[in-house]
Amino acid sequence: MKFKEIEQISHRIVKNIDGIESLAVYEVSGKSLRLLKDMIEFWDTVFGHSALDEFGFVPLLRHGNVYLLTNENKNTVLGMASFMRDWSDPKMAYLFDYAIAEELQGMSLGYEFLTILIRDLADLGFETLQLTVDVNNKPALRLYSDKIGFNPVRMSMNEYGENEDRYIMELDIEEYLKENE
């Protein structure tokens, strides 16, 4: 069974992930109300109160890069990432949101998904990838810093409100690709 919502909107298969239940990574560049509902539901499950709603997702779909990790057989969103181009540095992408379904965490799927996205960003001409991460999110810090090689460039106190401190981290995409050929 195909992921019908993906077929009905503009998309591009970035890469299939072999050996893990026919998972595929798609770049989505269009809008389907059903897919939008699925994305919002997924995001709400992952992030709860801070999740994006349709007013946040629609501009991301139209003006950013949104990638989905799906299981085509089960027709579900299992991971999602969204990127924006930096206005002051058009060769820099900012990882706006990134998540893997809770039941798939700890299986190195977050690493696989992110490495696919980094390679795709390189193909799109990006040279640097930046993100923010909660200073207390140990699994994310292990992924970004230890496994991928992001470097902290600064600490941002109260980034999203009182006691919402974040590391600003950056990855040189070309250097990453050279080290991981």
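What you are looking at is a predicted structure, and each value in this text was computed from that prediction instead of being measured.
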Original post:
Nearest 0.5 Å, what's the OG-CG distance between S108 and L143?
Top reply: 9.5 Å
Original post:
T132: what forms a side-chain contact (heavy atoms from CB on, under 4.5 Å) with it, not counting sequence neighbours?
Top reply: Y94, E159, Y160, R166, I168
Original post:
Looking only at heavy atoms, which two atoms of I100 and Y98 are closest? And how far apart?
Top reply: CD1-OH, 4.2 Å
**OP:** Grab the two heavy atoms, one from V66 and one from S82, that are nearest each other, plus how far apart they are.
**Re:** CG2-CB, 4.1 Å
**OP:** Would you list the pairs meeting salt bridge (Lys or Arg N to Asp or Glu O under 4.0 Å) in which at least one residue belongs to residues 144-157, sequence neighbours left out?
**Re:** none
Per-pair distances, 0.1 Å, donor-acceptor, side chain in residues 174-181, under 3.5 Å, sequence neighbours excluded:
residue	atom	partner	partner atom	Å
E174	OE2	K178	NZ	3.4
N180	ND2	Y176	O	2.8

Original post:
So do the side chains of V133 and F150 get within less than 4.5 Å of each other, counting heavy atoms only?
Top reply: no
Subject >> Listed partners of D86 passing side-chain contact (heavy atoms from CB on, under 4.5 Å), at least two apart >> reply: S88, D89, M92
Result block: side-chain N/O donor-acceptor pairs under 3.5 angstrom for residues 122-130, not counting sequence neighbours:
residue	atom	partner	partner atom	Å
Q130	NE2	E170	OE1	2.8

Subject >> Heavy-atom side-chain proximity of N65 to R85 below 4.5 angstrom >> reply: no
Original post:
At what distance, to the nearest 0.5 angstrom, does OH of Y111 lie from CD1 of I116?
Top reply: 10.5 Å
Original post:
Would you call D97 and M80 a side-chain contact if the rule is heavy atoms closer than 4.5 Å?
Top reply: no
Original post:
Out of curiosity, L69 CG to L114 CG, how far, rounded to the nearest 0.5 Å?
Top reply: 12.0 Å
**OP:** Kindly compute the distance separating CD1 (I173) from CG (L121), expressed to the nearest 0.5 Å.
**Re:** 5.0 Å
**OP:** Working to the nearest 0.5 Å, report the span between CE of M169 and CG of L95.
**Re:** 11.5 Å
Subject >> side-chain contact (heavy atoms from CB on, under 4.5 Å) against P139, all qualifying residues, sequence neighbours excluded >> reply: N137, R142
**OP:** Answer yes if the ring centres of F83 and Y67 are under 6.0 angstrom apart, and no otherwise.
**Re:** yes
